[in-house]
Participant: 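The following block contains the structure, expressed as structure tokens.
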Amino acid sequence: MDKNKIMIDYLLKNNFIDERIAKAMEEIKREYFIEGPLKESSYIDLPLPIGFGQTISAPSIVGIMMKELDVKEGINVLEIGTGSGWQTALLGKLVGENGKVFSIERIKELAEKARQRISEIKIKNIVIKTGDGTQGWPENAPYDRIIVSASAPEIPKPLLEQLKNGGKMIIPIGVSYWQDLILVEKDGTGKIRMKNLLPVMFVPLVGKFGYPEMEKN
Ligand code: SAM
């Protein structure tokens, strides 16, 4: 049986994704974003290495984050931590032709690879740049949705500022590998409400409003 279909059925059955996300996952296969012998493991529900000490997130976590964020057609989304580009491509499908995804990756080589993959599969509503995502991307703000795929000590202030009134952000917050996935909602008046969704484990968000870079020996 098709391994991607088994994965999608599992995610649907457990309510981690809805039908729209399932359809996007059918079209954008995770194996395309994984290289070498690890391709074999693409449909296991685990994060996998993508080089430079980084990972592609587990399918259930990618699914839960996009579902909780309620990514509608026609909106604009800011993603911090492009990584392999799998979630970026899925977001591109979910927002559709009239929506836009802006994605920031701090490691140049990963950003380039993700850009190349996304251009090969001809998704045209995504822009990826290399940089420090903790500072957001003010030129395209405000955003309907912000999705952060690395864990921060606290919510970076620029991201809160760049979120639209009525918008939502999802971000792992915590110290070291003890983190909670937080859904942040900004109401029509700009008031913030936060909901703790579940414990998670992400690589650190490194930057001006995140963790400092570790010194290389
Ligand atoms: N969702 C991604 C995927 O599907 O492949 C996985 C993202 S990975 C868990 C987190 C990524 O965040 C890494 O590629 C890391 O380099 C990046 N990152 C960490 N700090 C960052 C920052 N300040 N700005 C942009 N990207 C950052």
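These numbers come from the heavy atoms of this one structure, side chains and all, not from hydrogens, waters or symmetry mates. Order of appearance sets the numbers: ligands from 1, and atoms from 1 within every ligand.
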Participant: Which atoms of ligand 1 sit under 4.0 Å from any heavy atom of T82?
Facilitator: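 The list of qualifying atoms is 2 (C), 3 (C), 5 (O).
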
Participant: What are the atoms of ligand 1, with element, lying closer than 4.0 Å to any heavy atom of I104?
Facilitator: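 Answer, ordered by atom number: 25 (C), 26 (N).
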
Participant: Would you mind telling me if ligand 1 is within reach of the side chain of V203, the backbone, both or neither, using heavy atoms under 4.0 Å?
Facilitator: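 It is the side chain that touches ligand 1; the backbone stays farther off.
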
Participant: Among R106, K129, E105, which one has a heavy atom closest to atom 16 (O) of ligand 1?
Facilitator: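 Comparing heavy atoms across R106, K129, E105, the nearest one to atom 16 (O) of ligand 1 lies in E105.
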
Participant: Flag E79 as yes when one of its N or O atoms lies below 3.5 Å from any N or O atom of ligand 1, and as no otherwise.
Facilitator: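 E79 vs ligand 1: no N/O contact under 3.5 Å.
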
Participant: Please report which non-hydrogen protein atom sits nearest to atom 20 (N) of ligand 1, along with the residue it belongs to and the distance in Å to one decimal place.
Facilitator: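 Of every protein heavy atom, V206 N, 3.0 Å lies nearest to atom 20 (N) of ligand 1.
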
Participant: When you measure from atom 5 (O) of ligand 1 to each heavy atom in G136, S84, G83, P47, which option holds the nearest one?
Facilitator: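 When every heavy atom of G136, S84, G83, P47 is considered, S84 comes closest to atom 5 (O) of ligand 1.
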
Participant: Is there side-chain contact between L205 and I80, with at least one heavy-atom pair below 4.5 Å?
Facilitator: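 They are in contact (side-chain heavy atoms under 4.5 Å apart), so the answer is yes.
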
Participant: Starting from atom 10 (C) of ligand 1, find the nearest protein heavy-atom neighbour and note its residue, name and distance.
Facilitator: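 Result: S149 O, 3.2 Å.
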
Participant: Considering the heavy atoms of T134, write down every atom of ligand 1 situated less than 4.0 Å from one of them.
Facilitator: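 Selected atoms, number and element: 23 (N).
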
Participant: For a 4.5 angstrom cut-off between non-hydrogen side-chain atoms, does L12 reach I17?
Facilitator: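 Sidechains of I17 and L12: in contact.
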
Participant: Donor-acceptor pair, distance only, cut-off 3.5 Å: does the side chain of K100 make one with the backbone of N76?
Facilitator: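 No, because the side chain of K100 does not come within donor-acceptor range (under 3.5 Å) of the backbone of N76.
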
Participant: Out of G51, P204, G81, who gets a non-hydrogen atom closest to atom 7 (C) of ligand 1?
Facilitator: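 Minimum heavy-atom distance to atom 7 (C) of ligand 1 goes to G81.
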
Participant: Checking side-chain hydrogen bond (donor to acceptor under 3.5 Å, both in side chains) against T88, which of R117, E79, R115 comes through?
Facilitator: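 Passing option: E79.
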
Participant: Is there a heavy atom of T55 sitting under 4.0 angstrom from any atom of ligand 1?
Facilitator: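 T55: in contact with ligand 1 (<4.0 Å).
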
Participant: For D144, check salt bridge (Lys or Arg N to Asp or Glu O under 4.0 Å) against everything at least two apart and list the hits.
Facilitator: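 Salt bridge (Lys or Arg N to Asp or Glu O under 4.0 Å) list for D144, sorted by chain: K164.
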
Participant: Short list, please: which atoms of ligand 1 are under 4.0 Å from a heavy atom of G133?
Facilitator: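 Atoms satisfying the 4.0 Å criterion: 22 (C), 23 (N), 24 (N), 25 (C).
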
Participant: Any salt bridge (Lys or Arg N to Asp or Glu O under 4.0 Å) involving residues 186-195? Give me the pairs, sequence neighbours left out, ordered by first then second residue.
Facilitator: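 Applying salt bridge (Lys or Arg N to Asp or Glu O under 4.0 Å) to every pair that reaches into residues 186-195, excluding sequence neighbours, yields E185-R193.
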
Participant: Could you check whether any heavy atom of G210 sits closer than 4.0 Å to an atom of ligand 1, since that is the contact criterion I want to use?
Facilitator: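 No.
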
Participant: Between the side chains of E35 and K113, is the shortest nitrogen-to-carboxylate-oxygen separation below 4.0 Å, so that they form an ion pair?
Facilitator: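 So K113 pairs with E35 through a salt bridge.
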
Participant: Using 4.0 Å as the upper bound for N to carboxylate O, is an ion pair formed by R145 and E68?
Facilitator: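 Judged by the 4.0 Å cut-off on N to carboxylate O distance, E68 and R145 do not form a salt bridge.
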
Participant: Indicate yes or no: does D9 engage K13 in a salt bridge with an N to O separation below 4.0 Å.
Facilitator: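 A salt bridge is absent here (no side-chain N lies under 4.0 Å from a carboxylate O).
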
Participant: Just need the protein heavy atom nearest to atom 13 (C) of ligand 1, so name the residue and atom and give the distance.
Facilitator: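 Looking only at protein heavy atoms, the one closest to atom 13 (C) of ligand 1 is Q54 OE1, 3.2 Å.
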
Participant: Heavy-atom count around K129 NZ within 6.0 Å, excluding the residue itself: above 12?
Facilitator: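 Check passes, neighbour count above 12.
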
Participant: Closer than 4.0 angstrom, basic N to acidic O: yes or no for K23 and E19?
Facilitator: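 Salt bridge absent between K23 and E19.
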
Participant: Taking the side chain as every heavy atom from C-beta outward, state whether W178 and M201 have any pair of such atoms under 4.5 Å apart.
Facilitator: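 No, their side chains stay 4.5 Å or more apart.
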
Participant: Counting only nitrogen or oxygen atoms and a 3.5 angstrom limit, does F202 reach ligand 1?
Facilitator: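 By distance alone, the answer is no.
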
Participant: Could you list which atoms of ligand 1 come closer than 4.0 Å to a heavy atom of S57?
Facilitator: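 What qualifies from ligand 1 is 1 (N), 6 (C), 9 (C).
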
Participant: Looking at L110, which atoms of ligand 1 are within less than 4.0 Å of one of its heavy atoms?
Facilitator: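 Once the distances to L110 are compared, the set is 14 (O).
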
Participant: So if I count the atoms of ligand 1 from 1 in the order they appear, which ones are less than 4.0 Å from some heavy atom of G131?
Facilitator: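 In order of number, 24 (N), 25 (C).
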
Participant: Should you measure from each heavy atom of I56, which atoms of ligand 1 turn up under 4.0 Å away?
Facilitator: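 In order of number, 3 (C), 4 (O), 5 (O).
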
